[in-house]
Amino acid sequence: MNTEQHSHSVQQATKIWLLLMLATITAAALSFLPINGMLMTFITIGILILKGQMIVDYFMGLKTASAFWRVVMSAYCVVIGVVVLGVYWLGK
Amino acid sequence: MKQLFNAEIQTDSLPGDFAIWIFILAELGVFSIFFIAYAVVRMLNPEMFAEGYLHLNRAAGLINTLALITSSYFVVRAVIAIKAGEARGCTFWLNWALVAAMVYVVVKLWEYTVSMQAGYTLHTNAFYMFYYLLTFFHFAHVLLGMVILFAVSRKAKQGGYSETDHAGVETGASYWHMVDLLWIILFPLVYVIH
């Protein structure tokens, strides 16, 4: 890894870390707002899927890995999020 | 589809040891059962879960999430450092990752103590059963991850990894990111959605 690659990797990781922190604080702030339960669940799951994708791609380093592993890991948060949304919607 | 199938047998591009990814898949599978069971039981007992939610410390959940994300970031920095051949930098970042993880451990133990002193135990109701089981199962994974990071940090300090030989660091890092990923799901499920 040359100096330029090293610097790029550090900058990218730092940006992703800041985005993850911001997304987490936004999700936590939502729980204090008087928003309709299903809408809040939808937004929170959306944030969860975005955060999961960032972790899979940039922290786990699967963005450049084989398609199979990237798809499997990325799908995890999406599937859990959609199932939770579906279950809560059924219970509405 | 053909591309996806062909990619299945390509394991060279995976960070760390291939075996850790099989382990990660198994762990994610087990946790998915917990997550879905939590959602279903919550759907069946909305009032019980709404009341239980009110007693949770959301600030503690937020602090723990920020601590784990920061710890994961430090682990990423450790991987970047060893790829550049900086063994001391790798050790430095892994040690900071352990400090951030320790914040999580202290806050979680404090949270458990407060809940139990208030009389809420595993047997109180279904909400608390899930709260303790889910979070403690994750807590145990954090502890195991800390042991792994500590071992990797020690080996890095002793010069056990280099610019060309750092699969051990990536393997430990992959496990740690899985622990982070699971908490990213657990946090909104238990502490945010109500």
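Convention: sequence-line order gives letters A, B, ...; per-chain numbering from 1.
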Asks: With a 4.5 angstrom heavy-atom cut-off, could you sort out which part of Val40(B) is near chain A: side chain, backbone, both or neither?
Replies: both
Asks: What residues of residues 42-62 of chain B sit under 4.5 Å from chain A when only non-hydrogen atoms are counted?
Replies: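 Arg42(B), Met43(B), Tyr53(B), Arg58(B), Leu62(B), listed by number.
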Asks: What part of Ser9(A) gets within 4.5 angstrom of chain B, counting heavy atoms only: side chain, backbone, both, or neither?
Replies: both
Asks: CZ/Phe59(A) to OH/Tyr73(B) distance, rounded to the nearest 0.5 angstrom?
Replies: 8.0 Å
Asks: So, applying side-chain contact (heavy atoms from CB on, under 4.5 Å) with Leu48(A), which one of Ile185(B), Leu189(B), Leu186(B) is it?
Replies: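 For Leu48(A), the side-chain contact (heavy atoms from CB on, under 4.5 Å) check succeeds only for Ile185(B).
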Asks: Suppose a student defines contact as a heavy atom less than 4.5 Å from any heavy atom of chain B. Which residues in residues 74-82 of chain A would they list?
Replies: Tyr76(A), Cys77(A), Ile80(A)
Asks: What part of Ala173(B) is in contact with chain A, defined as an atom under 4.5 angstrom from a non-hydrogen atom: side chain, backbone, both or neither?
Replies: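 No part of Ala173(B) comes within 4.5 Å of chain A.
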Asks: Heavy-atom count around Met102(B) CE within 6.0 Å, excluding the residue itself: above 12?
Replies: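 Count not over threshold, so no.
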Asks: CG of Leu20(A) to CG of Leu68(B): how many Å apart, nearest 0.5 Å?
Replies: 12.0 Å
Asks: Within residues 19-34 of chain B, which residues come under 4.5 Å of chain A, heavy atom to heavy atom?
Replies: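 Within residues 19-34 of chain B, the residues that come under 4.5 Å of chain A (heavy atoms only) are Trp21(B), Ile22(B), Ile24(B), Leu25(B), Leu28(B), Phe31(B), Ser32(B).
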Asks: Please flag which part of Leu182(B) lies under 4.5 Å from any non-hydrogen atom of chain A: side chain, backbone, both or neither.
Replies: side chain
Asks: Strictly less than 4.5 Å between heavy atoms, which residues of residues 120-138 of chain B line up against chain A? Please order them by number.
Replies: none
Asks: Which atoms of Ile193(B) come close to chain A, meaning under 4.5 Å heavy atom to heavy atom: side chain ones, backbone ones, both, or neither?
Replies: both
Asks: Can you tell me how far CH2 of Trp17(A) sits from OG1 of Thr70(B), rounded to the nearest 0.5 angstrom?
Replies: 5.5 Å
Asks: In Å and rounded to the nearest 0.5 Å, what is the OG to CD1 distance from Ser72(B) to Ile16(A)?
Replies: 12.5 Å
Asks: Hey, could you give me the NE2/CD1 distance between His6(A) and Ile80(B), rounded to the nearest 0.5 Å?
Replies: 6.5 Å
Asks: Angle class for the Trp69(A)/Phe18(B) ring planes (parallel below 30°, perpendicular above 60°, tilted otherwise)?
Replies: perpendicular
Asks: Return the option, out of Leu30(A), Leu62(A), Val83(A), with the maximum number of heavy-atom pairs under 4.5 Å with chain B.
Replies: Leu62(A)
Asks: CZ of Arg70(A) to CG of Leu14(B): how many Å apart, nearest 0.5 Å?
Replies: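 If I round to the nearest 0.5 Å, the distance is 13.0 Å.
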Asks: Can you check whether Met60(A)'s main-chain N or O pairs, donor with acceptor, with His177(B)'s side chain at less than 3.5 Å?
Replies: no
Asks: Please evaluate residues Ile36(B) and Val84(A) with respect to the criterion side-chain contact (heavy atoms from CB on, under 4.5 Å), reporting the C-alpha separation (whole Å), side-chain torsions for both, the decisive distance (0.1 Å), and the verdict.
Replies: CA-CA 7 Å; Ile36(B) 293 166; Val84(A) 168; 5.7 Å; no
